[in-house]
Amino acid sequence: MPQTLSATVLRSQCARILEAAGSTPAEAGQVAANLVLANLSGHDSHGVGMLPRYVDAVAEGGLTPNASVKVNADIGTMLALDGQHGYGQVVGVQAMELGIARARQHGSCIMTLSAAHHLGRIGHFAEMATAQGLVSMHFVNVLSRPVVAPWGGGDGRFGTNPCCIGIPLAGAEPFLLDFATSRVAQGKMRVAHNKGERVPDGYLIDERGAPTNDPGVVVVPQGNGLFGALMTFGEHKGYGMAMACELLGGALTGGGTWHRPADAARTVLNGMLTVLIDPAKLGTQASFAQEATAFVDWLRQSPPGAGFDHVQIAGEPERAARVARDRDGIWLDDATWGEIVAAGAKMGVTIA
């Protein structure tokens, strides 16, 4: 049955399963905390519902517990890193810590990360950078079953390929833009399918390339064994951004792009190109802070449009969700909770 759990309880239960799957207590705790933070932020698609897939990926051999980033190239302001199939929530943080240190030292850093298992919510890494006063830009590709159709195409050819930009704002919470280049995240379709919900027009095509409102077409095989596909956001513009993420996050990083038939593997590998900039080293920090604040204030002065209470900026809905869900608990639908319980059972862990 559906569950509403506190963040503390959910972190503990997920950590137990991850530890049983081979992670050290420290790694299990870090991954669990990241997953629960995604739920708290309102992004259930990147939250604890991913845990069953991680357990399966470990069993497949595509996800390696307790792996660390490997430095393949280091020329000061440029780093090429290999995630070695480790948990993205761990190797991604390790990569960001290296990149942030270089940006603080030199003023900027261009960093590539290849072969990281599912990085999760990319906004987490941007938050790390903005907390240090840095601007960050992230372009990510996804090596897994191709679930997004190209503009003008009739089947899935690439992943949800996220893009994220974090910008610190003086005396305020940062601007944090974090989005899939698909119309909606694949994980959100999993959540909708588990809840028995339909989705709006324009999100999906079925296995024959026809429009559909059934999220199940990208979650479970259809009658002919094929899947449907997600559409890109913004029609051809989102498609162009998705291609850029594949070329930058996949080809440029050395992690590879998707160009083969789909399979049933549960492993999800990400490549990520990250650009970090320290405004203090540019000599524009004072004007940057002043102009950014002035622009945000200008936006907020806009009268609310129909159906809205006020103008928000990227990052605010997530921060509001954290307050509400930390207070009220995290609700999990019956199917998602059942999958987590089953994943625990595979590892000999009983949760209730």
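We count residues from 1, following the sequence as given. Remember, it's a predicted structure, so these values are computed and weren't measured experimentally.
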J.: When you compare the side chain of I110 with that of T274, does any pair of heavy atoms fall below 4.5 Å?
T.: no

J.: Please list all pairs passing the ring-ring contact (aromatic ring centres under 6.0 Å, His included) test where one or both residues lie in residues 152-179, with sequence neighbours left out.
T.: F179-F233

J.: Report yes if the side chains of D44 and R325 come closer than 4.5 Å at any heavy-atom pair, otherwise no.
T.: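 Yes; the side chains approach each other to less than 4.5 Å.
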
J.: Could you tell me whether the side chains of T267 and E60 share a donor-acceptor contact shorter than 3.5 Å?
T.: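 Yes - a donor-acceptor pair under 3.5 Å links their side chains.
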
J.: Work out which heavy atom in L204 is nearest to a heavy atom in N213; give both atom names and the distance.
T.: CD1-C, 4.5 Å

J.: Are L18 and W337 connected, step by step, through hydrophobic side chains (Ile, Leu, Val, Met, Phe, Trp, Tyr) whose heavy atoms are closer than 4.5 Å?
T.: yes

J.: Working to the nearest 0.5 Å, report the span between CG of D206 and CG of D214.
T.: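 If I round to the nearest 0.5 Å, the distance is 9.0 Å.
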
J.: Passes side chain to side chain contact (heavy atoms under 4.5 Å, CB included), V148 versus T181? Steps please.
T.: CA-CA 9 Å; V148 185; T181 49; over 6 Å; no

J.: Distance check, rounded to the nearest 0.5 Å: L332 atom CG versus N39 atom CG?
T.: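 Atom-to-atom, L332:CG and N39:CG are 6.0 Å apart.
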
J.: Linking Ile, Leu, Val, Met, Phe, Trp and Tyr through side-chain heavy atoms less than 4.5 Å apart, which residues share a cluster with W258?
T.: L143, L269

J.: Which heavy atom of A21 sits nearest to which heavy atom of P65, and what is that distance?
T.: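 The answer is O-CG, 3.8 Å.
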
J.: State the CG-SG distance between N34 and C14, to the nearest 0.5 angstrom.
T.: 11.0 Å

J.: Please go through M231's hydrophobic cluster and name the other residues, only I, L, V, M, F, W, Y counting, with side-chain heavy atoms under 4.5 Å joining them.
T.: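 Besides M231, the cluster holds I205.
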
J.: Assess whether atom CE of M243 is packed by more than 12 heavy atoms of other residues, nucleotides or ligands within 6.0 Å.
T.: no

J.: For residues S302 and V311, determine if any side-chain heavy atom of one lies less than 4.5 Å from a side-chain heavy atom of the other.
T.: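 The answer is yes; the side chains approach within 4.5 Å.
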
J.: Holding to side chain to side chain contact (heavy atoms under 4.5 Å, CB included), I want the full list of residues that pass it with A172, two or more places apart in sequence or in another chain.
T.: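 Once residues adjacent in sequence are excluded, the partners of A172 under the side chain to side chain contact (heavy atoms under 4.5 Å, CB included) criterion are L169.
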
J.: Looking at every heavy atom in both G22 and N66, which two are closest together, and how far apart are they?
T.: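 Of all heavy-atom pairs spanning G22 and N66, the closest is O-ND2, 2.8 Å.
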
J.: Looking only at atom types and distance, does a side-chain atom of D278 sit under 3.5 Å from a main-chain N or O of G107, one as donor and one as acceptor?
T.: no

J.: If hydrophobic clusters are built by linking Ile, Leu, Val, Met, Phe, Trp and Tyr wherever their side-chain heavy atoms come under 4.5 Å apart, do L247 and I165 end up in the same one?
T.: no

J.: Using the side-chain contact (heavy atoms from CB on, under 4.5 Å) definition, which of the options T4, L5, V36 pairs with I330?
T.: V36

J.: Would you check if P168 and V135 make a side-chain contact, meaning some heavy-atom pair closer than 4.5 Å?
T.: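 Yes, at least one pair of side-chain atoms sits under 4.5 Å.
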
J.: Restricting to pairs with a member in residues 84-118, which pass ring-ring contact (aromatic ring centres under 6.0 Å, His included), not counting sequence neighbours?
T.: H46-H118, Y54-Y87, Y54-H117, Y54-H118

J.: Can you tell me which residue pairs pass the salt bridge (Lys or Arg N to Asp or Glu O under 4.0 Å) test with a partner in residues 123-151, sequence neighbours excluded?
T.: R121-E127, E127-R322

J.: Hey, are the side chains of C109 and T77 touching, using non-hydrogen atoms and a 4.5 Å cut-off?
T.: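 Counting from C-beta outward, C109 and T77 never come under 4.5 Å.
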
J.: Any chance you could measure T232, atom OG1, to M241, atom CE, to the nearest 0.5 Å?
T.: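 The OG1 atom of T232 sits 11.5 Å away from the CE atom of M241.
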
J.: Run L51 and I17 through side chain to side chain contact (heavy atoms under 4.5 Å, CB included) and show every step you take.
T.: CA-CA 9 Å; L51 185 62; I17 296 172; 3.8 Å; yes

J.: Find the distance between OG (S23) and CG (L63) and round it off to the nearest 0.5 Å.
T.: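 With rounding to 0.5 Å, OG (S23) is 7.5 Å from CG (L63).
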
J.: Could you tell me if the side chain of S68 sits less than 4.5 Å from the side chain of K70, heavy atoms only?
T.: no

J.: In this structure, would L177 and L248 fall into the same cluster of hydrophobic residues linked by side-chain contacts under 4.5 Å?
T.: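 In one cluster: yes.
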
J.: Would a hydrophobic clustering, with Ile, Leu, Val, Met, Phe, Trp and Tyr connected at side-chain separations under 4.5 Å, put L40 with M50?
T.: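 Both belong to a single hydrophobic cluster.
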
J.: Which residue pairs satisfy the salt bridge (Lys or Arg N to Asp or Glu O under 4.0 Å) criterion with at least one member in residues 179-195, sequence neighbours excluded?
T.: none

J.: Could you give all pairs that pass the salt bridge (Lys or Arg N to Asp or Glu O under 4.0 Å) test and reach residues 283-308, with sequence neighbours left out?
T.: R300-E316

J.: Would R327 and S6 count as a side chain to side chain donor-acceptor pair (under 3.5 Å) if you check the C-alpha gap in whole Å, the side-chain angles of each, and the deciding distance to 0.1 Å?
T.: CA-CA 8 Å; R327 178 191 63 232; S6 72; over 6 Å; no

J.: Does T130 reach the main-chain N or O of A126 with its side chain, forming a donor-acceptor pair under 3.5 Å?
T.: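 Between the backbone of A126 and the side chain of T130 there is a qualifying donor-acceptor contact (under 3.5 Å).
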
J.: Would you mind listing every ring-ring contact (aromatic ring centres under 6.0 Å, His included) that reaches into residues 299-324, with sequence neighbours excluded?
T.: none

J.: Quick one: which residue pairs count as a salt bridge (Lys or Arg N to Asp or Glu O under 4.0 Å) with a foot in residues 242-270, not counting sequence neighbours?
T.: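 For residues 242-270: D56-R266, R260-D263.
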
J.: What side-chain donor-acceptor pairs closer than 3.5 Å can you find for residues 216-230, not counting sequence neighbours?
T.:
residue, atom, partner, partner atom, Å
Q222, NE2, G216, O, 3.2
Q222, NE2, V220, O, 2.8
N224, OD1, L226, N, 3.0

J.: Heavy-atom distance under 4.5 Å between the side chains of V199 and M189, does that happen here?
T.: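 Answer yes - side chains close enough.
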
J.: Work out which heavy atom in T253 is nearest to a heavy atom in T112; give both atom names and the distance.
T.: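 It is CG2-CB, 3.8 Å.
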
J.: Of all the heavy-atom pairs spanning A321 and G42, show the shortest one and how long it is.
T.: CB-N, 3.9 Å

J.: Scan side-chain atoms only and decide if R198 and T212 contain a donor-acceptor pair under the 3.5 Å cut-off.
T.: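 Result is no, nothing qualifies.
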
J.: Under a single-linkage rule joining Ile, Leu, Val, Met, Phe, Trp and Tyr whose side-chain heavy atoms are separated by less than 4.5 Å, which residues share a cluster with V93?
T.: V69, V71, L79, L81, V91, M96, L98, I100, M111, L113, L119, I122, F125, M128, L134, V140, M272, L276

J.: Could you go step by step and tell me if F139 and M137 meet the side chain to side chain contact (heavy atoms under 4.5 Å, CB included) rule?
T.: CA-CA 7 Å; F139 303 89; M137 293 171 275; 4.2 Å; yes

J.: Under 3.5 Å, is there a donor on one side chain and an acceptor on the other for N141 and N270?
T.: no

J.: Is it the case that T336 and N194 place a side-chain donor and acceptor less than 3.5 Å from each other?
T.: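 The criterion, which ignores hydrogens and geometry beyond distance, is satisfied for N194 and T336.
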
J.: What is the distance from atom CD1 of I313 to atom CZ of F295, rounded to the nearest 0.5 Å?
T.: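 It comes to 9.5 Å.
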
J.: Check the pair L37, H124 against side chain to side chain contact (heavy atoms under 4.5 Å, CB included), reporting the backbone distance first and the verdict last.
T.: CA-CA 9 Å; L37 181 58; H124 182 72; 3.8 Å; yes

J.: Specify the closest pair of heavy atoms between E19 and A28, including all atoms of both residues, with the distance to one decimal.
T.: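 Heavy atoms only, the tightest pair is N-CB, 3.7 Å.
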
J.: Can you find a heavy atom in the side chain of R102 that is under 4.5 Å from one in the side chain of D74?
T.: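 Answer yes - side chains close enough.
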
J.: Honestly curious: do W331 and V323 fall in one hydrophobic cluster under the side-chain, below-4.5 Å linking rule?
T.: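 No, no single cluster joins them.
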
J.: Is the closest basic N to carboxylate O distance between R208 and D155 below 4.0 Å?
T.: no

J.: Keeping the roles fixed (side chain from T293, backbone from Q290), state whether a donor-acceptor pair exists under 3.5 Å.
T.: no

